[in-house]
Amino acid sequence: MDTQKVDLFIATNSKSFEGHLIPSIREQLLALPEEKWTLIQSLSFKDPIVALIISLLAGGLGIDRFYIGDTGLGLIKLFTCGGFGIWAFIDLFLIMGAAKDKNYRLLQQALTY
């Protein structure tokens with residue numbers, strides 16, 4: 001893979017992943033065959049900042065979990081009113097990490113596909 005393409009991808013999407021994973025992601029992308037590049041470029045990552053804002057505004061309804069793709073947890077959170085407010089409060093601290101983890105798993109799935 002072309003180094004310039006990989007560096008541009010990392011610069012554009014670095015906020016979507018945990019910082020300590022960026023060097024590993026860069027190495028995996030550099031080893032990627034050129035024909036998989038369009039698949040990687042077409043991935044849509046969830047913005048952790050947007051997830052935090054949604055969690056602040058409507059976390060008690062589980063919308064933050066629906067946003068990052070955790071439908072089951074979103075439904076449970078919706079039916080329990082955010083775990084009676086406790087889960088909604090805790091998610092204020094966890095939702096950004098959960099979004100970054102989902103993004104990393106999506107990228108890994110695409111790289112191994």
Side-chain angles (χ1 to χ4, degrees):
M1 183 64 59
D2 183 26
T3 306
Q4 197 171 16
K5 285 182 185 179
V6 171
D7 288 340
L8 181 61
F9 176 84
I10 295 293
T12 310
N13 296 300
S14 63
K15 69 178 180 177
S16 299
F17 305 105
E18 296 287 345
H20 67 278
L21 296 173
I22 299 294
S24 170
I25 292 171
R26 186 175 188 279
E27 292 302 317
Q28 289 175 345
L29 290 174
L30 286 172
L32 191 69
E34 190 71 36
E35 59 269 6
K36 282 196 169 186
W37 185 246
T38 54
L39 172 66
I40 299 300
Q41 287 293 103
S42 68
L43 294 175
S44 177
F45 300 113
K46 301 296 183 183
D47 190 343
I49 301 294
V50 172
L52 177 63
I53 292 169
I54 292 171
S55 189
L56 284 168
L57 299 176
L61 300 175
I63 296 172
D64 53 350
R65 289 293 176 167
F66 287 118
Y67 172 72
I68 65 171
D70 286 339
T71 308
L73 291 176
L75 286 172
I76 294 169
K77 201 171 172 184
L78 173 66
F79 293 135
T80 62
C81 295
F84 306 106
I86 297 168
W87 188 4
F89 178 73
I90 292 171
D91 255 0
L92 291 175
F93 301 99
L94 300 179
I95 198 68
M96 288 181 66
K100 290 178 180 183
D101 184 51
K102 284 281 191 177
N103 289 337
Y104 182 70
R105 281 194 256 154
L106 176 66
L107 179 64
Q108 290 303 310
Q109 185 180 20
L111 288 173
T112 58
Y113 179 69

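Note that this is a predicted model, so its numbers are computed, not measured.
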Heavy-atom closest pair, residues P48 and K100: CG-CG, 3.6 Å

Validation row: D70, K102 side chains within 4.5 angstrom (heavy atoms): yes

In this structure, are over 12 heavy atoms from other groups packed under 6.0 Å from Q4 atom CD? no

So, does N103 use its side chain to make a donor-acceptor pair with the main chain of S16 at under 3.5 Å? yes

Quick one: name the residues clustered hydrophobically with I86, using the 4.5 Å side-chain heavy-atom rule over I, L, V, M, F, W, Y, and just say none if it's on its own. I90, L94

For the hydrophobic clusters of this structure (ILVMFWY residues joined by side-chain heavy atoms under 4.5 Å, transitively), does one cluster hold both L73 and F79? no

Look up atom CD1 in I22 and atom OG in S14, then write down how far apart they are to the nearest 0.5 Å. 5.5 Å

So if you build clusters from Ile, Leu, Val, Met, Phe, Trp, Tyr with side-chain heavy-atom gaps below 4.5 Å, do L21 and L43 land together? yes

For the residue pair L52 and I95, what are the closest heavy atoms and their distance? CA-CG2, 3.8 Å

If you take all heavy atoms of N13 and F45, which pair is closest and at what distance? OD1-CD1, 3.8 Å

Side-chain heavy atoms under 4.5 angstrom apart, residues restricted to Ile, Leu, Val, Met, Phe, Trp, Tyr: same cluster for V50 and L61? yes

One pair to check against side-chain contact (heavy atoms from CB on, under 4.5 Å): D2 and V6. What are the steps and the verdict? CA-CA 6 Å; D2 183 26; V6 171; over 6 Å; no

Above 12 or not: heavy atoms from other molecules or residues under 6.0 Å from NZ of K15? no

Looking only at non-hydrogen atoms, find the nearest pair between I68 and K46 and report the distance. CA-CG, 4.2 Å

Closest heavy-atom contact between D47 and Y67? N-OH, 3.2 Å

Testing the basics here: between L39 and A110, what is the closest heavy-atom pair and its distance to 0.1 Å? CD2-O, 3.7 Å

Would you call K36 and L111 a side-chain contact if the rule is heavy atoms closer than 4.5 Å? no

Would a distance-only check, ignoring hydrogens and angles, find a side-chain to backbone donor-acceptor pair under 3.5 Å from T80 to I76? yes

Scan for side-chain hydrogen bond (donor to acceptor under 3.5 Å, both in side chains) pairs involving residues 82-92, sequence neighbours excluded, and state none if there are none. R65-D91, K77-D91

Parallel, tilted or perpendicular: which describes the rings of F9 and F17, with under 30° parallel and over 60° perpendicular? tilted

Roughly how far, to the nearest 0.5 Å, is the CG atom of L57 from the CG atom of D64? 10.0 Å

Could you check whether any side-chain N or O of Y104 sits under 3.5 Å from a backbone N or O of I25, counting only pairs where one atom can act as donor and the other as acceptor? no

Test of understanding: clusters of I, L, V, M, F, W, Y form through side-chain heavy atoms closer than 4.5 Å, transitively. Do L32 and L30 belong to the same one? yes

Same hydrophobic cluster for L78 and I54, using side-chain heavy-atom links shorter than 4.5 Å among ILVMFWY? yes

Looking at Q109, I want to see if its CD is surrounded by more than 12 non-hydrogen atoms of other residues, nucleotides or ligands under 6.0 Å. no

